[in-house]
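A note on names: the letters A, B, ... follow the listed sequences, proteins ahead of strands, and every chain is numbered from 1.
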Amino acid sequence: MTSILNVDSIAAKNGTSPVTLTKQSAAKAWNSFNGTGTIAFIKSFNGSSLVDSGTGEYDVNITSAMDSTSYSILCSNGLHVSHNNANTSAYQNTASQYSTAHWENNSKVDISYMNGQIHGDLA
Amino acid sequence: MASKLKVDELEGVTTAGSIDVTTGSTTTNLQQGLAKAFHQTDFSGTAVTRRSLNMASITDGGAQHTCNFTNSFSDIYQVWTEGVGDSDHTSANRAMSRISRSASAPVFICEASSGSNQDAEQDLNMLFHGDLA
């Protein structure tokens with residue numbers, strides 16, 4: 001018999017511990033943003049604000065912080081624009097902010113579309 | 001005492017596709033956090049997809065790949081990340097970028113550090129988040 005549980009919220013039995021998703025983990029944040037001109041989110045889950053911290057370099061603040069700086073962050077550049085020697089880096093600045101940068105030919109350059117995803121535990 | 005609830009399907013009451021989950025001192029949305037599509041494909045010869053979710057097919061056009069989703073996204077702005085690699089890291093300097101947005105079949109291209117288009121070789125991993133239609 002198929003069963004469906006209709007709820008709005010799921011909590012651990014003690015009300016505070018993280019709910020266990022057996023053998024899987026959900027992303028705690030993902031964001032895409034325009035990195036040229038006035039930077040702005042295109043899509044965001046748990047993203048709060050963006051900081052243009054220099055050419056090709058961005059800080060992304062998240063609303064609900066992670067439990068530490070030991071979370072997984074993956075970033076990729078977006079739309080195709082003749083990338084020579086292209087590379088995108090990411091770094092966990094704090095529990096509530098990561099930074100990402102886009103490089104071409106050993107120099108940081110602004111890029112029109114950046115994506116990032118965070119996995120780990122929220123605070 | 002630990003407790004486990006066994007069901008086949010969860011559905012939000014207020015909004016069918018929205019259930020909050022406690023994760024310590026805060027909550028997060030379960031459905032928003034779940035990947036809606038992914039694949040790991042070997043492009044070193046005839047393309048072989050080893051693992052996938054929500055991929056009806058992956059079109060191999062040399063360096064250019066189309067991800068044909070079984071269930072389309074709600075719009076053309078999926079959030080995606082990628083990783084390209086092989087056993088001897090000769091493709092480690094390669095990266096994917098998107099050349100065509102689509103809710104159902106976005107097109108990506110793999111480029112080497114020289115800027116030339118290259119096959120993704122042994123491992124192309126892609127992960128997609130966002131909302132399904």
Side-chain angles (χ1 to χ4, degrees), chain A residues 1-22 24-33 42-46 63-65 67 73-88 90 104-105 111 113 115-119 121-123, chain B residues 1-16 18-35 64 75-83 93-101 107-109 111-117 125-131:
Chain A
M1 183 181 77
T2 301
S3 57
I4 300 176
L5 183 65
N6 293 96
V7 293
D8 282 333
S9 184
I10 300 173
K13 188 177 180 182
N14 65 7
T16 57
S17 297
V19 170
T20 299
L21 301 175
T22 304
Q24 53 195 300
S25 173
K28 301 307 186 296
W30 43 257
N31 303 285
S32 63
F33 61 90
I42 298 169
K43 286 283 187 178
S44 175
F45 169 53
N46 195 25
T63 303
S64 297
D67 64 348
I73 170 70
L74 294 170
C75 292
S76 292
N77 62 271
L79 290 175
H80 173 65
V81 283
S82 183
H83 303 292
N84 288 326
N85 218 350
N87 182 35
T88 298
E104 294 180 18
N105 290 322
I111 182 126
Y113 198 83
N115 296 314
Q117 297 167 338
I118 290 178
H119 282 79
D121 295 323
L122 292 172
Chain B
M1 186 183 76
S3 58
K4 181 187 288 185
L5 186 62
K6 294 185 177 182
V7 294
D8 290 324
E9 191 173 342
L10 297 174
E11 184 175 294
V13 174
T14 305
T15 303
S18 180
I19 296 174
D20 288 335
V21 179
T22 60
T23 59
S25 61
T26 186
T27 62
T28 186
N29 188 273
L30 176 62
Q31 286 87 347
Q32 289 282 281
L34 299 177
Q64 189 169 307
D75 59 29
I76 63 175
Y77 300 107
Q78 314 94 28
V79 176
W80 59 273
T81 52
E82 55 81 24
N93 59 354
R94 298 179 193 180
M96 303 295 293
S97 55
R98 179 159 50 189
I99 57 175
S100 175
R101 285 173 169 154
V107 183
F108 301 88
I109 196 163
E111 290 179 305
S113 58
S114 62
S116 61
N117 299 336
N125 298 276
M126 300 193 76
L127 180 62
F128 298 81
H129 283 87
D131 296 320

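With hydrogens and angles ignored, the 3.5 Å screen pairs a side-chain donor or acceptor of A/Asn115 with a backbone N or O of B/Trp80. Judged by distance alone, the side chain of B/Thr28 and the main-chain N or O of A/Lys28 form no donor-acceptor pair under 3.5 Å. Under a 3.5 Å cut-off, the side chain of B/Thr81 and the backbone N or O of A/Gly116 do not form any donor-acceptor pair.
Contact count versus chain A (heavy atoms, under 4.5 Å) is highest, among B/Leu34, B/Asn29, B/Thr27, for B/Asn29. Between chain A and the residues B/Lys6, B/Glu11, B/Gln31, B/Lys4, the most heavy-atom pairs under 4.5 angstrom are made by B/Glu11.
Judged as a side chain to side chain contact (heavy atoms under 4.5 Å, CB included), and not counting sequence neighbours, the contacts of A/Leu5 are A/Val7, B/Leu5, B/Val7, B/Leu10. Applying the side chain to side chain contact (heavy atoms under 4.5 Å, CB included) criterion to A/Ser9, with sequence neighbours excluded, gives B/Asp20.
For the pair A/Ala123 and B/Thr26, the tightest heavy-atom approach, listed with the atom from each and the gap, is O-CG2, 3.9 Å. A/Leu21 approaches B/Leu30 most closely through the heavy-atom pair CD1-CD1, 3.6 Å. Minimum interatomic distance between A/Ala27 and B/His129 (heavy atoms only, all atoms of both residues): CB-NE2, 3.3 Å. Contact between A/Lys43 and B/Tyr77 at its shortest, heavy atoms only, is CG-O, 3.3 Å.
Using a 4.5 Å cut-off between heavy atoms, A/Ile4 contacts chain B through both its backbone and its side chain. When heavy atoms are compared at a cutoff of 4.5 Å, B/Gln78 approaches chain A solely by way of its backbone atoms N, CA, C and O. Proximity to chain B (any heavy atom under 4.5 Å) is shown, for A/Asp67, by neither the backbone nor the side chain. Only the backbone of B/Ser18 comes within contact range of chain A, with heavy atoms under 4.5 Å apart. In this structure, no portion of A/Asp121 lies under 4.5 Å from any heavy atom of chain B. Contacts of B/Asp75 with chain A are made by side-chain atoms alone, with heavy-atom separations under 4.5 Å and no backbone atom involved.
When each of B/Ile19, B/Val13, B/Thr14 is paired with A/Asn6, the side chain to side chain contact (heavy atoms under 4.5 Å, CB included) condition holds for B/Val13 and for no other. Partner of B/Val21 under the side chain to side chain contact (heavy atoms under 4.5 Å, CB included) criterion, chosen from A/Val19, A/Leu122, A/Thr20: A/Val19.
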